[in-house]
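What follows is one structure encoded as structure tokens, with my remarks underneath.
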Protein chains: 2
Amino acid sequence: MSEQNKIPQATAKRLPLYYRFINNLHIQGKLRVSSKELSEAVKVDSATIRRDFSYFGALGKKGYGYNVEYLLEFFRKTLDQDEKTPVALIGVGNLGTAFLNYNFTKNNNTKIEMAFDADPNKVGTEIGGVPIYHIDELEQKLSEVQAAILTVPLAEAQNITERLIKSGVTGILNFTPARITVPEGVRVHHIDLSVELQSLVYFMKHYPLDTDEEA
Amino acid sequence: MSEQNKIPQATAKRLPLYYRFINNLHIQGKLRVSSKELSEAVKVDSATIRRDFSYFGALGKKGYGYNVEYLLEFFRKTLDQDEKTPVALIGVGNLGTAFLNYNFTKNNNTKIEMAFDADPNKVGTEIGGVPIYHIDELEQKLSEVQAAILTVPLAEAQNITERLIKSGVTGILNFTPARITVPEGVRVHHIDLSVELQSLVYFMKHYPLDTDEEA
DNA sequence: ACATCTTTGTGACAATTTTCACGACATAAG
DNA sequence: CTTATGTCGTGAAAATTGTCACAAAGATGT
Ligand SMILES: NC(=O)c1ccc[n+]([C@@H]2O[C@H](COP(=O)([O-])OP(=O)(O)OC[C@H]3O[C@@H](n4cnc5c(N)ncnc54)[C@H](O)[C@@H]3O)[C@@H](O)[C@H]2O)c1
Ligand SMILES: NC(=O)c1ccc[n+]([C@@H]2O[C@H](COP(=O)([O-])OP(=O)(O)OC[C@H]3O[C@@H](n4cnc5c(N)ncnc54)[C@H](O)[C@@H]3O)[C@@H](O)[C@H]2O)c1
């Protein structure tokens, strides 16, 4: 399952982005695409795109570009788009509710299968077709789920994290400001919206000529 | 205003994070802190922290560490925590509503001053104390505002972006999947939640031993 | 068939970022 | 005063990431 040929992390982070735009091209009926065109669409230098693709071998044809259908098929396999990864969401508050209402499933190999909250008014209801269980049932319900979205209050973050890991979760998308502690082998991506906003303002003031920056 | 001594971008992105944790320490009444302690709290290598701080001169004392109050004061000035930057939010849907309900102002030099939407049912109301105007009033109301949070549907993103820039906005926090095109001098940070989730899953499967990763 | 045009894949290089490791100084204790 | 311990700031090295620029391969047009 896990490749031994190590793709650079920076490349790996761009793959889902490439996938989405290639999929768009396919839907639009385009048959081929050059690294230059793709570059304008995703705002990544064309040389970087060619380099990224080249880690997977020769996907294109010189003088022609890339065949959209072939590329799409390739990325579908590489990103495991066929098997849906079940995801749990913990904390159905402002943010959590927004995510449940959003259809992450479109164009995506992930699906939020269940949500948990401590509020008895929320437990037993559904949002966006996702059932909400009581947090006490976490260990019991989380059997197949390996990935979790964490949108609980700051004070609960570490505690819930430990329960998630005990239940077999190996990946967490953490929206709380807490920098949670996890054992080796558990992957955490922090998305810290306050930091993002402050960081944007800092760059606006101190780097006035630059333009684009991945979050 | 803008420094000529260039702080590395990677460092600049960590500054708001440092600021928040130093502030926490101050609230807890701690008088001093070492790079090692801070490292455990923010999950950044201690050498990296020392290096980051050193771009601003010698903030610490050898054999002692950093004085929390001094550090806090220093970061407050560096991150312009005194002057609040006004921000506008465009698109009061699922995500936009969550952001309006969240108090970004806490511990933060930014404040969402106004919001815009096309839906007449939302126009004229308030969420979290923030007034919602009609999108037609954008140009008229946006006089002081230089930063915007974009949470409109994909199809509207580029169009609204252009109107924002015409109105003087120089920084955009973009939550739509569109990679918007902007002229030089306008800063865009993309936060692409579908990509983040797919990327997490990819890393879980292909880099099973790594642990932590900034979004 | 041939000349011309396109675009890939990549060696070489440049830039950025992280990490190592140690001298220098601070503090505390005896 | 001396020693033991702790911690910074930083030169140097390593690791990672991005970019340039071009030969090679194939596409296109006449
Ligand atoms: N809303 C935003 O725009 C925003 C922005 C930045 C960061 N955040 C962070 O995201 C997190 C969630 O924010 P929010 O605005 O949605 O908060 P919220 O208070 O609206 O939602 C938190 C939810 O978690 C539930 N909860 C509380 N304790 C729980 C527990 N032990 N187990 C399960 N559920 C529990 C609550 O019932 C509530 O529904 C917070 O950590 C916040 O700091 C939110
Ligand atoms: N909700 C999520 O969890 C989520 C996740 C990933 C990405 N996104 C992206 O974030 C964006 C917003 O998502 P959402 O779920 O909040 O969508 P939404 O449909 O709930 O909200 C969009 C809002 O924008 C308003 N709007 C439409 N046209 C407008 C215009 N021309 N000017 C001003 N306002 C206008 C609508 O009235 C609506 O209130 C979308 O681009 C979506 O792809 C959302």
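As a basis for the values below, the full set of heavy atoms in this structure was taken, side chains included, without hydrogen atoms, waters or symmetry mates. Residue numbering restarts at 1 for every chain, and letters A, B, ... go by the order of the sequence lines.
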Going by atom types only, do [X] and [Y] share a side-chain donor-acceptor pair under 3.5 Å?
X       : Y       : value
T85(A)  : N109(A) : no
K43(B)  : T181(A) : yes
Y102(B) : N94(A)  : no

For the pair made of [atom1] in [X] and [atom2] in [N], what is the distance, rounded to whole Å?
X      : N       : atom1 : atom2 : value
I7(B)  : dT16(C) : CD1   : P     : 14 Å
L59(A) : dT10(C) : CG    : P     : 10 Å
K6(A)  : dT16(D) : NZ    : C1'   : 11 Å
F53(B) : dT10(D) : CZ    : P     : 14 Å
L38(B) : dC8(D)  : CG    : C1'   : 14 Å
I49(B) : dG9(D)  : CD1   : C1'   : 14 Å
L71(A) : dT8(C)  : CG    : P     : 11 Å
F56(B) : dC8(D)  : CZ    : C1'   : 17 Å

Nucleotides 18-24 of chain C: which of its N/O atoms have a protein N/O under 3.5 Å away?
from	atom 1	to	atom 2	distance (Å)
dT18(C)	OP1	R14(B)	NH1	3.0
dT18(C)	OP2	R14(B)	NH1	3.2
dT18(C)	OP2	R14(B)	NH2	2.7
dT19(C)	OP2	T48(B)	OG1	3.3
dT19(C)	O4	R51(B)	NE	3.3
dT19(C)	O4	R51(B)	NH2	2.9
dA21(C)	N6	R50(B)	NH2	3.3

Are the side chain of [X] and the backbone N or O of [Y] linked by a donor-acceptor pair below 3.5 Å?
X       : Y       : result
S167(B) : S143(B) : no
K84(A)  : N108(A) : yes
N101(B) : T97(B)  : yes
E37(A)  : S34(A)  : yes

Task: Non-hydrogen atoms of T48(B) and R14(B) that approach each other most closely - done: CG2-NH2, 3.5 Å
Task: Member of V145(A), I127(A), L100(A) meeting the side-chain contact (heavy atoms from CB on, under 4.5 Å) criterion with I112(A) - done: L100(A)
Open item on the list: If the cut-off is 4.0 Å, is K61(A) near the phosphate of dA27(D), judged by side-chain N/O to OP1 or OP2?
Closed with: yes
- [ ] Answer yes or no: does a side-chain N or O of Y66(B) lie under 4.0 Å from OP1 or OP2 of dG9(D)?
- [x] yes
Open item on the list: If you take any heavy atom closer than 4.0 Å to DNA chain D, which residues from residues 26-37 of chain B end up in contact?
Closed with: S34(B), S35(B)
